[in-house]
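Computed from a prediction, not measured in an experiment: that's the story for all the values here.
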Amino acid sequence: MTSELSSNPAEAIADRLAHPDTVPGHVKWRPWWRQSLAHGAPGIALLHIERAAAGLGSWQRAHDWLAYATRAPLTTGTDSHLYYGAPAIAHALNCAAEQRPGSYRGALDRLDEVIGADARARVDAAHARIDAGRLPALAEFDVIRGLTGIGSHLLRRDPGGKPLRAILEYLVRLTEPITVNAETLPGWWTDTGPDGRRKARFSDGHANSGLAHGIGGPLALLALAAQRGATVDGQQDAMGRICVWLDRWRVTTPTGPAWPYWVNRPQLRAGHRVVSGSQRPGWCYGTAGLARAQQLAALATGDDDRRTMAEQALLHALTNATHPEHGDPSLCHGHAGLAHIAARVAADASPDSLRRLRGRLPDLLRSTCAALISSEVAELDPALLEGAAGIALVLSNPATIPRTTWDACLLVA
């Protein structure tokens, strides 16, 4: 396998994951695996859909994985989200259907109805929570489990529909300040730690900055929706409030601008800006994801200064990103994610940033391959976010710009 990875790592991974039967039973025995975009079958389906669309693999492989993922009833309701259940399967099916018009139409129409109804119910519950003066959970609004992730799917399936409009209106309201015990907090302040549990360090909650789990996701969705003509009252102001918050907590480091993963109550009260020295510039948290979210916001609002700042922040973050100590090849918080975001940012960048970002791509791709080869690929989980499928998706196209819309689930496009 090591020699195959050295010559064509994406093809070697795709062959290893050619069919559900080729995946070891101990990997897929968990009952949730079939419906998990982050860890299971839908994410592997995305790899084969992308490779088939690029002429690098067969559509049969993609269909086999989609058939496996849909062979039993799907989870809907409050237990489902973009990365699990009906929305996760719908995302993969839609990526295939966009390339093969007419395919999976019946299944997608049925899923649209269910997902739209679930979205409206979740929005209603979120408004009731705000009306009651309570703080949100991350799972109410984030990309992975919340309404932002659902909104990303709806933006592609029904950009003019009522469910997406309801989500955008909710996100506008989420950005408005909330007063709790006579203290004014950002509307996305949660009363737990980043893992959803109460801990001493986060006894008074926190404001999460990340693209995957925090306010970076809503910023990206509001911006992408605005670029595509899906707008609601207050959308521009909402993006502005998020950007003002990010400006407030931006820190200048030896490797350029950075943002804390989160802000807790003591830091908020003291106005003390801290960025950990061990912070990684990944997609889920850190500079890379937030740089893309802010570039998207700048493009949506015509803010040239923010666009320049975001592009420069990413360029600075990439300076040390290929250092050997950063040996994670993954999409979520490793080299593959950095390469993919760099390519997406470059595609929308000013001429100078475009040239410099494209100049960084070969090193990023080489470091991804090197980290992959040294990570004992035989033991690497066949997952989208932290495993082989996500890495192979990025490496399947040398320019790292996909043929399909698989990366809509990352809120980077």
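Trp59 CH2 to Leu66 CG: the interatomic distance, rounded to the nearest 0.5 Å, is 9.0 Å. With values rounded to the nearest 0.5 angstrom, Met309 atom CE is found 12.5 Å from Asp304 atom CG. Of the inter-residue distances, the one linking His127 atom NE2 with Leu174 atom CG reads 10.0 Å to the nearest 0.5 angstrom.
In this structure, the side chains of Phe141 and Leu147 stay at 4.5 Å or more apart for every pair of heavy atoms. Taking 4.5 Å as the limit, some side-chain heavy atom of Leu393 sits within range of a side-chain heavy atom of Leu384. Counting only heavy atoms from C-beta outward, the side chains of His91 and Leu82 approach each other to under 4.5 Å. Using a 4.5 Å heavy-atom threshold, the side chains of Trp259 and Gln294 count as touching. Contact annotation: the side chain of Leu338 approaches that of Pro281 to within less than 4.5 Å [non-hydrogen atoms, C-beta and beyond]. Looking only at side-chain heavy atoms (C-beta outward), Glu183 and Thr179 stay at 4.5 Å or farther from each other. With contacts defined as side-chain heavy-atom distances shorter than 4.5 Å, the pair Tyr68/Arg34 qualifies.
Heavy atoms from other residues, nucleotides or ligands lying under 6.0 Å from CZ of Arg358 number 12 at most. Within a 6.0 Å sphere centred on CZ of Arg269, other residues, nucleotides and ligands contribute more than 12 heavy atoms.
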Would you check, one step at a time, whether the test side chain to side chain contact (heavy atoms under 4.5 Å, CB included) holds for Thr368 with Ile391?
-> CA-CA 8 Å; Thr368 302; Ile391 299 165; 3.9 Å; yes

Kindly determine whether Asp407 and His340 satisfy side-chain hydrogen bond (donor to acceptor under 3.5 Å, both in side chains), including the steps that lead there.
-> CA-CA 9 Å; Asp407 62 341; His340 190 68; 2.7 Å; yes

Check the pair Asn208 / Asp142 against side chain to side chain contact (heavy atoms under 4.5 Å, CB included), numbers first and verdict last.
-> CA-CA 10 Å; Asn208 199 294; Asp142 73 5; over 6 Å; no

Before giving the answer on side-chain hydrogen bond (donor to acceptor under 3.5 Å, both in side chains), spell out for Arg307 and Gln312 the whole-Å C-alpha distance, their side-chain angles and the decisive distance to 0.1 Å.
-> CA-CA 9 Å; Arg307 177 185 174 188; Gln312 293 301 312; over 6 Å; no

Step by step, would you call Cys243 with Leu219 a side chain to side chain contact (heavy atoms under 4.5 Å, CB included)?
-> CA-CA 8 Å; Cys243 287; Leu219 178 62; 4.1 Å; yes

Could you check Arg157 against Asn94 for side chain to side chain contact (heavy atoms under 4.5 Å, CB included), going step by step and ending with a plain yes or no?
-> CA-CA 8 Å; Arg157 289 294 299 168; Asn94 191 56; 2.9 Å; yes

For side-chain hydrogen bond (donor to acceptor under 3.5 Å, both in side chains), just list the numbers for Glu50 and Ser396, CA-CA rounded to whole Å, side-chain angles, deciding distance to a tenth of an Å, and then say yes or no.
-> CA-CA 8 Å; Glu50 174 64 26; Ser396 287; over 6 Å; no

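Between Arg165 and Asp233 no salt bridge is recorded (no basic side-chain N to carboxylate O distance below 4.0 Å). Between Arg173 and Asp131, at least one side-chain nitrogen of the basic residue sits less than 4.0 Å from a carboxylate oxygen of the acidic one, meeting the salt-bridge criterion. Using a 4.0 Å cut-off between a side-chain N of Lys or Arg and a carboxylate O of Asp or Glu, Glu140 and Arg145 do not qualify as a salt bridge. Salt bridge present: Glu98 and Arg156 bring a charged side-chain N and a carboxylate O closer than 4.0 Å. The pair Asp64-Arg61 fails the salt-bridge criterion, with no side-chain N (NZ, NE, NH1 or NH2) lying under 4.0 Å from an Asp/Glu carboxylate O. The pair Asp158-Lys162 does not count as a salt bridge, with every side-chain nitrogen at least 4.0 angstrom from each carboxylate oxygen. For the pair Arg306 and Asp247, the salt-bridge criterion is met [side-chain N within less than 4.0 Å of a carboxylate O]. Of the charged side-chain nitrogens involved, none lies within less than 4.0 Å of a carboxylate oxygen, so that Arg129 and Asp124 do not count as a salt-bridged pair.
Of the candidates Thr148, Leu168, Leu296, Leu222 forms a side-chain contact (heavy atoms from CB on, under 4.5 Å) with just one, namely Leu168. When the options Leu357, Leu410, Ile401 are evaluated for a side-chain contact (heavy atoms from CB on, under 4.5 Å) with Arg344, the one that passes is Ile401. Applying side-chain contact (heavy atoms from CB on, under 4.5 Å) to Val232 and the options Leu164, Ile167, Val172 leaves one that passes, Val172.
No hydrogens or angles considered: nothing links the side chains of Thr192 and Arg198 as a donor-acceptor pair under 3.5 Å. A donor-acceptor pair shorter than 3.5 Å cannot be found between the side chains of Asp328 and His335. Inspection of the Ser350 and Glu311 side chains reveals an N or O donor paired with an N or O acceptor under 3.5 Å.
At least one donor-acceptor pair closer than 3.5 Å links the side chain of Gln295 to the backbone N or O of Val345. In terms of modelled atom types and a separation under 3.5 Å, the side chain of Ser209 and the main chain of Pro260 share a donor-acceptor contact. Ser80 contributes a side-chain N or O that, together with a main-chain N or O of Gly77, makes up a donor-acceptor pair within less than 3.5 Å. No donor-acceptor distance shorter than 3.5 angstrom exists from the side chain of Thr175 to the backbone of Ile242, with no hydrogens or angles considered. Counting only distance, with no hydrogens or angles, the side chain of His81 and the backbone of Ile144 share a donor-acceptor pair below 3.5 Å. Counting only distance, with no hydrogens or angles, the side chain of Arg292 and the backbone of Val412 share a donor-acceptor pair below 3.5 Å. The closest donor-acceptor contact from the side chain of Asp195 to the backbone of Arg197 lies under 3.5 Å. Under the 3.5 Å distance criterion, the side-chain polar atoms of Arg201 are left unmatched by any main-chain donor or acceptor of Asn264. Listed for the Ser36 side chain is no donor-acceptor partner under 3.5 Å among the backbone atoms of Trp32. In this structure, Tyr83 contributes its side chain and His39 its backbone to no donor-acceptor pair below 3.5 Å.
In this structure, the ring pair (Phe, Tyr, Trp, His ring centres under 6.0 Å) partners of Phe202, at least two apart in sequence or on a different chain, are His206, Trp262.
The six-membered or imidazole ring of Tyr285 lies near that of His213, with a centre-to-centre distance under 6.0 Å.
Ring geometry, Trp65 versus Trp33: the interplanar angle falls from 30° to 60°, so the pair is classed tilted.
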